[in-house]
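Read through the structure below, which is laid out as structure tokens, and then see the notes.
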Amino acid sequence: MGRMVALSLLGIGLALLGERFLALRSRLKASREVESVDLPNCHLIKGIETGAEDIDILPNGLAFFSVGLKFPGLHSFAPDKPGGILMMDLKDEKPRALELRVSWGFDLASFNPHGISTFIDDDDTVYLFVVNHPQFKSTVEIFKFQEEENSLLHLKTIKHELLPSVNDIIAVGPTHFYATNDHYFSDPFLKYLETYLNLHWANVVYYSPEEVKLVAEGFDSANGINISPDKKYVYVADILAHEIHVLEKQPNMNLTQLKVLQLGTLVDNLSIDPSSGDIWVGCHPNGQRLFVYHPNHPPASEVLRIQNILSEKPSVTTVYINNGSVLQGSSVATIYDRKLLVGTLYQKALYCEL
């Protein structure tokens, strides 16, 4: 009798594991193939060879790139080289990417930048917020941008128990931000188990010097985050659920879910066109190829433009798709004056004149 019970439990366990495996393949879109949607007037950005996971552009056309991300389970073309922040002036006739110097005293050797966000204070001071993963931990670094010197002055490192696995960030003040946790746990094995079992424990946290609190939860894997031009709505990409959540910002900084937009791809970082409110999204058509890297079957790239997301029927346009022959693993797409920048998790970056 005992053996029968043990065999029954084993069978149930194996069946559950098998079902979870198939569900994970579906969430990763592991069988998806794509056909190219090309753009004219595009070229790869010289000097970016190890990824530009996130990009943020100031109103004056200065674009910041977060480069060189290392992440457990992800391929890297330069595993022993620290990451950095690059800058490009999109108003130049032939813009080029330059690495910004970081102030003395900051640990550049372990710099592992992920999501970034800029904030301009009332006195025109520019702050750059950077999600950092030194030793694969999670911190948020706040820098002051010194344009005359092409440098970043490090101001503060933020660690908190509610920020165990930070992915992306949107600054809403000089020391205030919303951040996504793509996992509930910080331990790599527990992260994997959380993803495999599809626990939906990822969340969004609001941070200020006075208060740190959980403001949204229940995501499969909360990823990119951004805010509408009128500052009324916060958008969150749930990459493994293929969704963008529209959350209404309350006076106490809490977030209330308004709607969810379903998409047929893995949505990564979100960028907002400040003039139109359109959302530009870097996407992964087949997530399995990101994590099981093979040069003969590289991860593809995809860019979506979402218009009128608050309406009953938002318009979703596929702007660009490449099978990986040019651009592998697009994680962000952002627009400035009809110039499109597309960054990747660990490969190159694309510049297009629209």
Quick one: does [X]'s side chain have a donor or acceptor within less than 3.5 Å of a partner on [Y]'s backbone?
| X | Y | value |
| --- | --- | --- |
| Asn252 | Asn254 | yes |
| Asp56 | Thr118 | yes |
| Asn41 | Cys352 | no |

Does any non-hydrogen side-chain atom of [Y] lie less than 4.5 Å from one of [X]?
| X | Y | result |
| --- | --- | --- |
| Leu98 | Met88 | no |
| Ile279 | Tyr235 | yes |
| Pro174 | Phe119 | yes |

Within a reach of under 6.0 Å around NZ of Lys213, are more than 12 heavy atoms found that belong to other residues, nucleotides or ligands?
yes

If you draw a 6.0 Å radius around CG in Asp122, do more than 12 non-hydrogen atoms from other residues or ligands fall strictly inside?
no

For Tyr206 and Tyr178, take the angle between the two ring planes, folded into 0 to 90°, and tell me which bin it lands in: parallel under 30, tilted 30 to 60, perpendicular over 60.
tilted

Just by distance, no angles: are the side chains of [X] and [Y] close enough, under 3.5 Å, to form a donor-acceptor pair?
| X | Y | answer |
| --- | --- | --- |
| Ser165 | Lys191 | yes |
| Thr265 | Glu302 | yes |
| His154 | Thr157 | yes |

Centroid separation Phe71 to His114 less than 6.0 Å:
yes

Distance flag, aromatic centroids of Phe145 and Phe64, threshold under 6.0 Å
yes

Trace of the salt bridge (charged side-chain N to carboxylate O under 4.0 Å, His left out) decision for Glu248 with Lys259:
CA-CA 9 Å; Glu248 188 171 11; Lys259 65 181 296 184; over 6 Å; no

Nearest-0.5 Å distance that lies between atom CD1 in Ile306 and atom CG in Asp278:
9.5 Å

